[in-house]
Amino acid sequence: MTVLVAPDKFKGSLTAAEVAEVVAAAFAEVAPGEPVRQLPVADGGDGTVAAAVAAGFRRVPVRVSGPTGRRITAYYALRGTVAVVELAEASGLHRLPGGRLEPLTASSYGTGELIAAARAAGATQIVLGVGGSACTDGGAGLLTALGARLLDASGNPLAPGGAALAELSTVELDGLPEVDVVLASDVDNSLLGVDGAAAVYGPQKGAGPAEIALLERGLARWAEVVGSAHATTPGAGAAGGVGFGVLTGLGARIRPGIEVLLELLGFPAAARDARLVITGEGSLDTQSLHGKAPVGVLRAAGGTPVVALAGRCLLSAPEWRAAGFAGVYALTDVEPDEHRCVAEARSLLRDRAAQLARDFSRAVPA
C-alpha cells in the first residue's frame with residue numbers, strides 16, 4: 001500500500017509536478033519506509049499536458065501560430081491513439097508577445113494546428129483542455145486551421161480574431177476532419193449574453209465595454225451563420241467560445257476536466273492501491289467544491305482517505321470535513337503573509353508536508 005501524491009499546481013509558484021516532488025521528499029525524510037507514488041494532476045487548464053507527460057504520455061513539440069500569429073513552439077501529449085491538447089500551449093495569455101493583451105484579434109488558430117499535428121501522428125481521440133485562453137473568437141481560428149473557410153461578403157477570408165466575425169458572411173465546413181474530441185472543461189457558460197464568453201471572460205483578456213460589445217456581435221454573427229444549436233449549451237462559452245466551435249464544427253463532447261484527466265492518468269487504479277491520497281492546489285475555497293482538482297481527486301479516490309495541501313484554505317473545518325477531506329494543511333497555517341507564501345512556497349510546503357507525514361506515521365501503523 002502506498003501514499004499517492006496527486007496534487008494540482010499551486011498557481012504562480014509551483015507546478016503540480018513540483019508540488020508532488022516536494023511532498024515525496026518530505027515523506028522520504030520523515031517516514032523513509034513509506035512507499036510514495038507521485039501522480040500530479042490537472043483539471044483541463046494550464047498544466048494539463050505536463051500532467052499527462054508525468055503519467056507516461058510523450059511530449060511532442062510543434063511549430064504553430066501563437067494567439068497573435070507569431071510562430072512559437074508548443075507541445076501536446078501523445079500516448080497510443082490518444083492526444084492531450086492544451087489550448088493555453090498555443091493560444092494562451094502567456095503566449096502573448098510581451099504580455100500585451102489583444103482581445104479583438106487574438107486567435108485560436110494555433111490550437112487547431114496542434115490538433116492537426118496530433119491527428120497526423122496517429123491520434124484518433126483528442127482531449128482538449130481549454131483554460132487560460134487569450135482569444136474570444138468562438139473557436140473560429142481553431143476550425144480554420146483544420147480546414148474550415150470563413151468568408152466575408154466579398155468572398156475574402158476573414159481576418160483572425162473575434163472582432164472580425166462581425167463581418168462573416170459564409171462558412172464552409174466541408175474540409176473539417178472527423179475526429180473524436182473530448183472538451184475537458186468545468187465552465188458552464190453559454191456562448192452569448194451576460195453569462196457568455198465575451199461578457200464574462202473578455203475583461204480578463206483586455207476587453208473594455210466597447211470591445212466586449214464588438215466581440216458579442218461577432219460571436220452572435222458566428223452562431224447565426226454556422227448554426228446556433230449549441231449557442232446555449234453549457235460550456236459553449238469556454239475559452240472565448242472555443243467550446244462552441246468544437247461542439248458545432250467537430251461534434252465534441254463536454255466532460256468535467258478533472259474527471260477526464262484522472263481517467264487518462266490512471267488515478268482510480270492507483271487510488272485502490274493507496275492507503276492515503278494527498279492532493280492540493282494553491283487556494284482551497286468554495287470554488288474548489290464545484291469540481292476543481294482536489295474535490296475531483298476526493299470523489300475518485302473510492303473511499304481512500306484524502307488529505308489536502310494548499311497555499312491557503314478559505315474553507316472552515318466543518319466545510320472541508322463535510323466535503324470529505326480527512327485533513328487540510330495550508331501554508332498560511334505557518335505563514336499568514338500570502339505574498340511570502342507564494343515567494344517561499346517550496347520551503348513552506350516542505351514544512352507542511354513533513355508535518356502531514358509525521359501525523360500520518362503516528363496515526364497509521366506501518
Donor-acceptor pairs under 3.5 Å, side chain of residues 150-162 to any protein atom, not counting sequence neighbours: which ones?
residue	atom	partner	partner atom	Å
Asp152	OD1	Ser154	N	2.9
Asp152	OD1	Gly155	N	3.1
Asp152	OD1	Asn156	N	2.9

Contacts table for residues 134-149: side-chain donor-acceptor under 3.5 angstrom, sequence neighbours left out:
residue	atom	partner	partner atom	Å
Asp137	OD1	Ser108	OG	3.1
Asp137	OD1	Gly139	N	3.0
Asp137	OD2	Ser108	N	3.0
Asp137	OD2	Ser108	OG	2.9
Asp137	OD2	Gly141	N	3.1
Thr144	OG1	Ala140	O	2.8
Arg149	NH1	Glu172	OE1	3.1

Please tabulate, for side-chain N and O atoms in residues 85-97, each donor-acceptor pair with protein atoms closer than 3.5 Å (sequence neighbours left out).
residue	atom	partner	partner atom	Å
Glu86	OE1	Gly47	N	3.4
Glu86	OE1	Thr48	N	3.0
Glu86	OE1	Val49	N	2.9
Glu86	OE2	Gly47	N	3.2
Glu89	OE1	Tyr75	N	2.8
Ser91	OG	Thr111	OG1	2.7
Arg95	NE	Glu89	O	2.6
Arg95	NH2	Thr73	O	2.9
Arg95	NH2	Glu89	O	3.2

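Going from atom OG1 of Thr81 over to atom CD1 of Ile126 covers 9.5 Å, rounded to the nearest 0.5 Å. Atom OG of Ser347 is separated from atom CG of Leu331 by 9.0 Å, given to the nearest 0.5 angstrom. Here CG of Leu168 is found 7.0 Å from OG1 of Thr170. Values are rounded to the nearest 0.5 Å. To the nearest 0.5 Å, atom CD1 of residue Ile254 and atom CG of residue Leu247 are 4.5 Å apart. Here the straight-line distance linking atom CD of Glu344 with atom OG of Ser13 works out to 11.5 Å at 0.5 Å rounding. Here the straight-line distance linking atom CG of Asp195 with atom OG1 of Thr232 works out to 12.5 Å at 0.5 Å rounding.
Taking each heavy atom of Asp186 and Gly257 in turn, the nearest pair found is OD1-N, 3.2 Å. What you find for Thr279 and Pro294 is that their closest heavy atoms are OG1-CA, 3.7 Å. Listed here is the closest heavy atom pair of Leu261 and Ala42: CB-O, 3.3 Å. In plain terms, the two heavy atoms of Gly280 and Phe10 that are nearest each other are C-CE1, 4.1 Å. In terms of heavy-atom proximity, Ala199 sits nearest to Val194 at CB-O, 3.7 Å. Closest approach of Leu250 and Pro177 over heavy atoms only: CD2-O, 4.1 Å.
With Asn189 contributing its side chain and Ala197 its backbone, the two residues share no donor-acceptor pair below 3.5 Å. Of the possible polar contacts, none joining the Ser190 side chain to the Gly196 backbone as a donor-acceptor pair under 3.5 Å is found. The closest donor-acceptor contact from the side chain of Arg352 to the backbone of Val334 lies at 3.5 Å or more, if one exists at all. Judged by distance alone, the side chain of Glu29 and the main-chain N or O of Ala26 form no donor-acceptor pair under 3.5 Å. A donor-acceptor contact shorter than 3.5 Å is absent between the side chain of Asp359 and the backbone of Leu356. For the pair Glu216 (side chain) and Leu192 (backbone), a donor-acceptor distance under 3.5 Å is absent.
The shortest side-chain heavy-atom distance between Glu113 and Ser65 falls under the 4.5 Å cut-off. In this structure, Pro7 and Glu281 have side chains that are not in contact, with every pair of non-hydrogen atoms separated by 4.5 Å or more. Between Phe244 and Val226, the closest side-chain pair of non-hydrogen atoms falls below 4.5 Å. A heavy-atom distance below 4.5 Å is not found between the side chains of Arg350 and Arg346. Contact check for Trp222 versus Val171: side-chain heavy atoms found under the 4.5 Å cut-off.
Following chains of ILVMFWY side-chain contacts shorter than 4.5 Å, one can reach Val182 starting from Leu264, so the two form part of one hydrophobic cluster. The hydrophobic cluster containing Leu114 does not contain Val82, counting ILVMFWY residues as joined when their side-chain heavy atoms lie under 4.5 angstrom apart, directly or transitively. When the side chains of ILVMFWY residues are joined at heavy-atom separations under 4.5 Å, either directly or via intervening members, Leu78 and Val181 end up in a single hydrophobic cluster. Following chains of ILVMFWY side-chain contacts shorter than 4.5 Å, one can reach Leu173 starting from Leu165, so the two form part of one hydrophobic cluster. Linking ILVMFWY side-chain heavy atoms closer than 4.5 Å, directly or via other members, places Leu14 and Ile278 in a single hydrophobic cluster.
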Review point. Does the pair Arg275 and Thr2 meet the rule for a side chain to side chain donor-acceptor pair (under 3.5 Å), with working shown?
Key: CA-CA 6 Å; Arg275 56 177 180 167; Thr2 64; over 6 Å; no
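Residue pairs meeting the side chain to side chain donor-acceptor pair (under 3.5 Å) criterion with at least one partner in residues 306-318, sequence neighbours excluded, are Ser283-Arg312, Arg312-Glu338, Ser316-Glu319. Residue pairs meeting the side chain to side chain donor-acceptor pair (under 3.5 Å) criterion with at least one partner in residues 241-258, sequence neighbours excluded, are Asp180-Arg253, Arg255-Glu259, Arg255-Glu263.
For Arg340, the CZ atom sits in a loose shell: 12 or fewer heavy atoms of surrounding residues, nucleotides or ligands are nearer than 6.0 Å. The environment of CZ in Arg358 is crowded: more than 12 heavy-atom neighbours from other residues, nucleotides or ligands sit within 6.0 Å. More than 12 heavy-atom neighbours from other residues, nucleotides or ligands sit within 6.0 angstrom of NE2 on His290. Within 6.0 Å of CZ in Arg100 there are 12 or fewer heavy atoms belonging to other residues, nucleotides or ligands. More than 12 heavy atoms of other residues, nucleotides or ligands shown are found within 6.0 angstrom of CD on Glu18.
Grouping Ile, Leu, Val, Met, Phe, Trp and Tyr by side-chain contacts under 4.5 Å, direct or through others, puts Val306 with Leu4, Leu39, Val41, Ile258, Leu262, Leu265, Phe267, Val277, Leu284, Leu289, Val295, Val297, Leu298, Leu315, Trp320, Phe325, Val328.
Between Lys292 and Asp43, at least one side-chain nitrogen of the basic residue sits less than 4.0 Å from a carboxylate oxygen of the acidic one, meeting the salt-bridge criterion.
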